[in-house]
Protein chains: 2
Amino acid sequence: MPTPHPQPRRYRQVADELRHRIEAGAIPPGSLLPSEATLMAEFSVARGTVREALALLRSEGLVMTEVGRGTYARPIAPVRRVASERYRKELDQVRSGELGTSFTADQRIEWSAYGLDKAFREVPASRAQAELFAVEPGTMLLERHFVFRTHGEPQQMSISCLLLDMVAGTPVADPDNEPWPGGNTSQLYSLGPTITGIRERPRWRMPTADEVEALRIPGGVHVIVITRQTYVGDRVVEVAEIVRRADLVDLDYWIDLT
Amino acid sequence: MPTPHPQPRRYRQVADELRHRIEAGAIPPGSLLPSEATLMAEFSVARGTVREALALLRSEGLVMTEVGRGTYARPIAPVRRVASERYRKELDQVRSGELGTSFTADQRIEWSAYGLDKAFREVPASRAQAELFAVEPGTMLLERHFVFRTHGEPQQMSISCLLLDMVAGTPVADPDNEPWPGGNTSQLYSLGPTITGIRERPRWRMPTADEVEALRIPGGVHVIVITRQTYVGDRVVEVAEIVRRADLVDLDYWIDLT
DNA sequence: CAGTGGTCTAGACCACGCT
DNA sequence: GCGTGGTCTAGACCACTGT
């Protein structure tokens, strides 16, 4: 890819023109680009050239493609995910005992718009999981698979693991109690410990076939995967892998140095 | 991309086979894959099909391509970038006055292996810059362009901006003083304020042509861009855009909740 | 059904890295 | 100069989405 060419590089010219139209507003967010056939005619190029131009725009995150429908400009603005604030807020609510009062009620109303697919399993820790927990491989874990939806649209997949001997027999181990008011923070609080910190390691990659299906990910869209470790002191009490469409999140971390 | 096909999808078969060879160690990291011509013969497919297979592996981050050389398995392991610890450490060193003593000396030795390209400009703040600083657009900034190298290899590009009326006439405004022992933290400390926090917003995208050239980025490799705001109280004193090859970093954030 | 993109073929010319 | 990948053409058949 890092190679210039003599004069032609027609696919770049096509991509530049389309990019310009999108940025100028001639192709508004969410609307369809001209079809490949139309672009072939308009720019007098072969289909392969048009497709290369579109692939470039996809890789830039400017457009998305759906089979049988067409290629369209990216519709939705990303939502900022302010990790620090979110966790802090959850914790403050838990500590102040706001749960079970207005907080829960408010959340319950909102929940009508939310959906949650859940599946719990008890599994021995894989090598990778054991490393994240800093326990021996084979230690039993409660592995919880979630898919969150908003208004029916799948937004996030996650696998959250807890040490089994910490939760066995408690309400936390019962899938029927999900979604849990106040989230993970509150859930762990109900078991005794108060979270002291969270470590997040974000990375980006192509979605797997499973993720494409579960999150209905359009062509050309990547995912963000966040590996989260929840700490109580120096002990890791939860390990989660959170997967979201990369075009719908905007990460935001605050590092306090006071 | 999210479309299955009848039986063929030969390019997936080719990609699967190559992926298997890489993961099995038959194609060790850093070594070349068979050339496109060889793969055409081996799998009895057209060149376009081979190239689609390789594009898929590139997008997965498994291989990189260099013109005239070939496509090879990803060689280098990413380096973890522990944002929180790094800044904390810098700050502790500044506060304890370790600069100018053994710390500086140690760094100076290491510096023989480092290189730094620098270019300073005084510019009026763009709308985006003004927003990040929370000042009026047009406010004068000192815009500092850096390219960091290790053993000659370019590792990181950054544009760091400071409020001009805060640095004008000070040693900080003189490019000859770069690299500055102790980095940004120490530099700002020399002006008076002690950093109280840092906000980082990481994202991920294809490199621009400039970045491909400056960082010698192979085909198929993305970059991580971090927008960093350095705070003193609620005032933003520095805004930086940091660009690195995505395959060579591994982000790590700690959120303290104590 | 017509129109869309997904996949595939079989050619061609070119710029680049190495030897 | 040879082999590498980068770009381009002009065909073809297919699956999917809509009407």
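Everything numeric in this text was worked out from a predicted model, so none of it was measured. Proteins come first, then strands; the chains are lettered A, B, ... in the order of their sequence lines, and each starts at number 1.
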**Message:** Counting only side-chain heavy atoms from C-beta out, which of dT7(D), dT7(C), dT4(D) sits nearest to Arg9(B)?
**Reply:** dT7(C)
Protein-nucleotides 9-12 of chain D N/O pairs closer than 3.5 Å?
unit_1  : atom_1 : unit_2   : atom_2 : d
dT9(D)  : OP2    : Ala46(A) : N      : 2.8
dT9(D)  : OP2    : Thr49(A) : OG1    : 2.6
dA12(D) : N6     : Arg47(A) : NH1    : 3.1

**Request:** Grab the CG-P distance between Leu32(B) and dG5(D) for me, whole Å please.
**Result:** 8 Å
**Item:** Atom-to-atom span, CZ of Arg69(B) to C1' of dT19(C) - whole angstrom
**Value:** 15 Å
**Asked** Separation of Leu57(B) atom CG from dG5(D) atom P, in whole Å?
**Response** 13 Å
**Value in whole Å for how far the P atom of dG6(D) lies from OH of Tyr11(A)** = 9 Å
**Message:** Measure CD/Glu213(B) against C1'/dC16(C) and give the value in whole Å, please.
**Reply:** 15 Å
**Spacing between Tyr72(A) atom OH and dG18(D) atom P, to the nearest angstrom** = 11 Å
**Message:** When you measure from the side-chain N and O atoms of Arg51(B) to the phosphate of dG6(D), is any distance below 4.0 Å, counting only OP1 and OP2?
**Reply:** yes
**Prompt:** Rounded to the nearest Å, what distance is computed from the CD atom of residue Glu36(B) to the P atom of nucleotide dC16(C)?
**Reply:** 17 Å
**Message:** Side chains of Ser160(A) and Arg144(A) only: does a donor on one sit below 3.5 Å from an acceptor on the other?
**Reply:** yes
**Request:** Classify the angle between the aromatic ring planes of Trp204(B) and His222(B) as parallel (below 30°), tilted (30 to 60°) or perpendicular (above 60°).
**Result:** parallel
**Request:** Starting from C1' on dT7(C), measure out to CD on Gln13(B) and report it in whole angstrom.
**Result:** 12 Å
**Complete:** Hits for side chain to side chain contact (heavy atoms under 4.5 Å, CB included) against Met64(B), two or more places apart or cross-chain, chain-then-number order -> Tyr72(B), Arg74(B), Pro75(B), Pro218(B), Val221(B), Arg245(B), Asp247(B)
**Request:** Output yes when at least one side-chain N/O atom of Ser35(B) is less than 4.0 Å from OP1 or OP2 of dT4(D), else no.
**Result:** yes
**Fill in**
Contacts of Glu42(A) meeting salt bridge (Lys or Arg N to Asp or Glu O under 4.0 Å) (sequence neighbours excluded), chain-then-number -> Arg21(A)
**Request:** Side chain of Thr71(B) only, please: which of dG18(D), dG5(D), dG5(C) is the nearest?
**Result:** dG5(D)
**Request:** For His20(B), enumerate each residue passing the side chain to side chain contact (heavy atoms under 4.5 Å, CB included) test, keeping only those at least two apart in sequence or located in another chain.
**Result:** Ala24(B)
**Item:** Val223(A): partners by side chain to side chain contact (heavy atoms under 4.5 Å, CB included), with sequence neighbours left out
**Value:** Arg205(A), Pro207(A), Glu211(A), Ile217(A), Val225(A), Val243(A)
**Request:** Using the salt bridge (Lys or Arg N to Asp or Glu O under 4.0 Å) rule, collect all pairs that involve residues 219-229 of chain A, keeping only residues at least two apart or in two chains.
**Result:** Arg228(A)-Glu238(A)
